[in-house]
2 protein chains.
Amino acid sequence: MMTIKDVAKIAGVSVATVSRVINESGYVNIDTRKKVEAAIRQSNYSPNEVARSLYKRKSKLIGLLLPDITNPFFPQLARGIEDYMQENGYRIIFGNSDENADKELDYIRTFVQNNVVGVISSTNFPDSGAYLEMNIPVVFLDRTSNDSPSVYADGRKGGRLAAQEMVARGSSRITIIQGPAHVKPAQDRFQGAAEALAEMGISYNVIQTSSFSYTEAGQWATELFERFLDTDGVIASNDIVASAVLREAHRLGKTVPEDVQIIGFDDIPLSSLMSPSLSTIRQPARDMGSAAARLLIQLIEQDQVEDKIIQLPVSFIERETTRSRMETSKKG
Amino acid sequence: MMTIKDVAKIAGVSVATVSRVINESGYVNIDTRKKVEAAIRQSNYSPNEVARSLYKRKSKLIGLLLPDITNPFFPQLARGIEDYMQENGYRIIFGNSDENADKELDYIRTFVQNNVVGVISSTNFPDSGAYLEMNIPVVFLDRTSNDSPSVYADGRKGGRLAAQEMVARGSSRITIIQGPAHVKPAQDRFQGAAEALAEMGISYNVIQTSSFSYTEAGQWATELFERFLDTDGVIASNDIVASAVLREAHRLGKTVPEDVQIIGFDDIPLSSLMSPSLSTIRQPARDMGSAAARLLIQLIEQDQVEDKIIQLPVSFIERETTRSRMETSKKG
DNA sequence: TTGTATGCGTTATCAG
DNA sequence: CTGATAACGCATACAA
């Protein structure tokens with residue numbers, strides 16, 4: 001590998017001068033600049049980021065911690081982040097936490113060991129202290145913690161929306177699938193749906209689940225109809241579980257949405273390609289990702305930021321697992 | 001941040017000694033070791049990887065380049081890689097290439113700028129020279145290049161399998177969806193299917209596609225049935241497109257698999273949750289990922305490797321978009 | 001068994 | 001406008 005020294009030699013100047021033209025810092029004569037630039041081109045030199053990072057005590061690296069990239073919601077977040085970071089010259093060190101505190105800690109440690117200048121984390125332990133001790137900007141994504149910088153969608157609202165749309169479309173024997181207890185956003189959704197239903201005076205069933213895994217999704221769908229065969233509306237904890245429910249409904253000979261309506265959560269890309277396509281509460285995942293990236297960069301490069309806490313709106317995506325809306329109670 | 005110097009001061013020894021206990025290199029008296037270890041614990045010190053990397057001219061970082069993490073096949077690869085790397089103390093710098101040569105080059109450059117010790121790449125340009133010039137181990141994943149280290153599934157065989165299973169299950173008016181021309185594995189599949197069909201003396205239709213994007217998948221499905229309404233067997237270029245075809249078939253009032261059989265490719269996690277669940281040619285994506293990681297680490301740490309080229313088997317996953325096999329021509 | 005000094009590739013300070 | 005040089009944090013060769 002070429003070093004700044006090699007370039008200096010070729011150009012017949014000192015390393016300091018080369019450094020100046022690279023960083024456009026300090027004065028440098030137009031002619032010597034030409035020489036240096038020529039030398040750089042000729043030698044195909046590009047600066048060693050490690051040395052830079054060592055000297056400046058900060059890199060162009062950011063750490064990204066996601067629960068499981070295999071869950072289709074997270075790649076969307078990751079993409080939003082990566083694109084924005086890429087455009088701004090930052091690179092990403094990525095890790096899956098599996099919602100496991102130790103693994104998370106391990107990653108955080110190596111992040112700081114590598115001089116990352118910031119981290120974006122979708123953690124269930126935002127208050128673990130590890131984040132504070134880092135002493136570098138952190139933004140929590142799809143998660144919240146007091147008034148720490150964070151980007152998230154309004155899960156509670158999403159839950160409410162799902163409940164309202166379901167009721168407005170005529171379901172009355174509704175089952176809510178409650179996501180994993182340790183995943184905050186999942187609980188927000190549940191709470192939103194539950195409280196909206198309560199406000200409308202509609203009783204509901206609840207199925208408890210303990211993960212978002214593909215393999216278990218089928219089991220919960222099975223359990224759901226075993227316990228509540230006559231349910232006519234399912235509010236799922238995410239689109240994966242919703243798919244499983246849709247599948248199980250079919251297997252039992254039910255037609256969707258006539259016999260059972262189903263509403264998912266997230267709006268993962270595949271939900272529109274299923275048949276019937278999945279009605280769902282959309283989280284603008286990619287936007288959440290880029291918003292988080294943008295916020296983190298502000299935190300890194302400026303001392304002032306517009307908003308430390310960014311809540312993005314969710315929306316109901318009407319597709320084929322819900323019926324058309326009944327105009328039951330029109331006011332006015 | 002604590003440095004080795006701080007630790008040395010606390011322990012009342014020199015930095016060299018501290019370094020020795022950290023790296024278990026050279027002799028160090030049992031008692032002074034105790035002292036140093038205590039100092040490390042007390043100060044919560046962990047070595048600066050950047051400084052290490054600078055000195056040793058190699059890091060614990062590896063570069064990972066994938067076309068698009070948003071395509072459900074790639075997170076599986078990524079997971080296989082990440083898990084294996086994590087266990088072995090390596091971290092990943094990740095980038096999406098979008099199959100764009102410039103973006104790829106940009107990433108490769110920053111990889112070497114950051115002293116990565118190896119890269120795993122799913123590139124369409126394995127022979128671009130950029131990979132050779134890097135002078136660090138590269139393994140191509142889901143791709144091949146002469147006798148460069150690589151890990152991939154037998155796409156040709158997969159295509160053949162799909163064709164054979166489709167025919168054995170009674171389809172005769174078969175349509176193959178041909179994936180993007182610039183994506184080698186997609187062409188392998190196509191070729192395999194086409195040649196198997198040819199061998200069996202069965203004619204077929206072909207639909208050309210130019211990407212694996214979700215949004216366009218629907219259009220191709222539409223085009224497929226517009227042009228070949230009476231097709232009774234579709235061999236799709238991947239599971240996403242297969243989903244779109246399934247959906248379109250339903251929309252047109254066709255029943256699957258009675259009227260049309262559909263076989264996908266990849267076996268993404270959601271394919272088993274669809275209804276009907278998707279018959280598909282499975283690529284062991286996660287295993288491919290860990291195999292690539294394993295191979296890369298061998299390449300990095302040893303001079304000899306078992307096999308530079310690893311081909312993993314594909315398999316037909318029989319689910320609900322294909323009928324049961326007709327025992328047409330039983331020999332013996 | 002331990003300590004001192006050097007260099008890894010950069011940037012920034014300070015003379016010139 | 002340009003060039004020595006120190007320092008970033010660490011690992012190693014060499015002394016002691």
Side-chain angles (χ1 to χ4, degrees), chain A residues 1-37 39-40 43-61 89 109-117 135-136, chain B residues 1-37 39-40 43-61 89 109-117 135-136:
Chain A
M1 269 299 76
M2 284 289 156
T3 75
I4 199 173
K5 221 166 174 174
D6 300 319
V7 177
K9 193 167 299 172
I10 295 175
V13 299
S14 75
V15 295
T17 302
V18 177
S19 180
R20 285 193 195 94
V21 347
I22 292 172
N23 301 293
E24 309 186 48
S25 60
Y27 296 101
V28 37
N29 183 293
I30 180 73
D31 290 327
T32 69
R33 155 165 290 132
K34 298 273 186 214
K35 277 193 301 187
V36 172
E37 282 166 347
I40 289 176
S43 63
N44 205 310
Y45 165 79
S46 71
N48 182 324
E49 283 296 336
V50 176
R52 271 190 176 164
S53 174
L54 180 60
Y55 181 83
K56 309 180 69 160
R57 286 110 157 281
K58 55 170 67 170
S59 67
K60 282 301 221 174
L61 262 20
R109 192 166 42 72
T110 65
F111 284 165
V112 333
Q113 287 184 306
N114 283 284
N115 275 5
V116 304
V117 279
N135 256 349
I136 56 176
Chain B
M1 271 297 78
M2 284 288 157
T3 76
I4 198 173
K5 220 167 176 175
D6 300 319
V7 177
K9 193 166 300 172
I10 296 177
V13 299
S14 76
V15 296
T17 302
V18 178
S19 180
R20 285 192 195 95
V21 347
I22 292 172
N23 301 293
E24 308 187 49
S25 61
Y27 297 98
V28 37
N29 182 293
I30 180 74
D31 290 327
T32 69
R33 155 164 292 131
K34 298 275 187 213
K35 277 193 300 187
V36 171
E37 282 167 347
I40 289 176
S43 63
N44 206 309
Y45 165 78
S46 70
N48 181 323
E49 283 297 336
V50 176
R52 268 189 176 163
S53 174
L54 180 60
Y55 179 83
K56 310 180 66 162
R57 288 115 158 287
K58 55 170 67 170
S59 66
K60 282 300 221 175
L61 263 19
R109 194 165 41 71
T110 65
F111 284 166
V112 333
Q113 287 183 304
N114 283 285
N115 275 7
V116 302
V117 281
N135 255 349
I136 55 175

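Quick note on labels: first sequence line is chain A, next is B, and so on, each numbered from 1.
Per the geometry, CD1 belonging to A/I4 stands 14 Å off C1' belonging to D/dA4, to the nearest Å. In this structure, the OH atom of B/Y27 is 16 Å from the C1' atom of D/dT12, given to the nearest Å. Rounded to whole Å, the distance from CG on B/N115 to P on C/dC8 is 14 Å. As rounded to whole Å, 14 Å separates atom P of C/dG9 from atom CD1 of A/I22. In this entry the distance linking CZ of B/R33 with P of C/dT2 reads 9 Å, nearest Å. Separating the NZ atom of A/K5 from the C1' atom of C/dT11 is a distance of 15 Å, rounded to the nearest angstrom. Going from atom NZ of B/K34 over to atom C1' of C/dT1 covers 17 Å, rounded to whole Å. Between A/L54 atom CG and D/dA7 atom P there is a gap of 14 Å when expressed in whole angstrom units.
When the side-chain nitrogen and oxygen atoms of A/T3 are compared with OP1 and OP2 of C/dG9, none of them lie within a distance under 4.0 Å. Contact annotation: B/R52 side-chain N/O to D/dA11 OP1/OP2 distance is under 4.0 Å. One finds no side-chain N or O of B/R57 lying less than 4.0 angstrom from the OP1 or OP2 phosphate oxygen of D/dA11. Taking side-chain N and O atoms only, B/T32 has a distance below 4.0 Å to OP1 or OP2 of C/dT2.
Counting all heavy atoms, side chain and backbone alike, A/P47 lies closest to A/I22 at CG-CG2, 4.4 Å. Scanning all heavy atoms of the two residues, the minimum distance from A/I4 to A/V18 falls at CG1-CG1, 3.5 Å.
No engagement by B/V50 is indicated, since no non-hydrogen atom pair under 4.0 Å with the nucleic acid exists.
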Run A/N48 and B/N115 through side-chain contact (heavy atoms from CB on, under 4.5 Å) and show every step you take. CA-CA 8 Å; A/N48 182 324; B/N115 275 7; 4.0 Å; yes
Given the rule in the salt bridge (charged side-chain N to carboxylate O under 4.0 Å, His left out) test, do A/E49 and A/R52 qualify, once you have shown the distances and angles that lead to the verdict? CA-CA 5 Å; A/E49 283 296 336; A/R52 271 190 176 164; 3.1 Å; yes
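B/N114 and B/T110 form no side-chain donor-acceptor contact under 3.5 Å, judged by distance and modelled atom types alone.
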Grab the N/O contacts between the protein and nucleotides 12-15 of chain C below 3.5 Å, and write none if there aren't any.
residue : atom : partner : partner atom : Å
C/dA12  : O4'  : A/Y55   : OH           : 2.7

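Of the two residues near DNA chain C, B/T17 and A/N48, the one whose nearest nucleotide lies more 5' is B/T17.
Atoms CD1 and CD1, from B/I40 and B/I10 in turn, are 10.0 Å apart once rounded to the nearest 0.5 Å.
Although no hydrogens or angles enter the test, the distance criterion places no donor-acceptor pair under 3.5 Å between the side chain of B/D6 and the main chain of B/M2.
With D/dG9, D/dC1, C/dT11 as the candidates, the nucleotide lying closest to the side chain of A/N29 is D/dC1.
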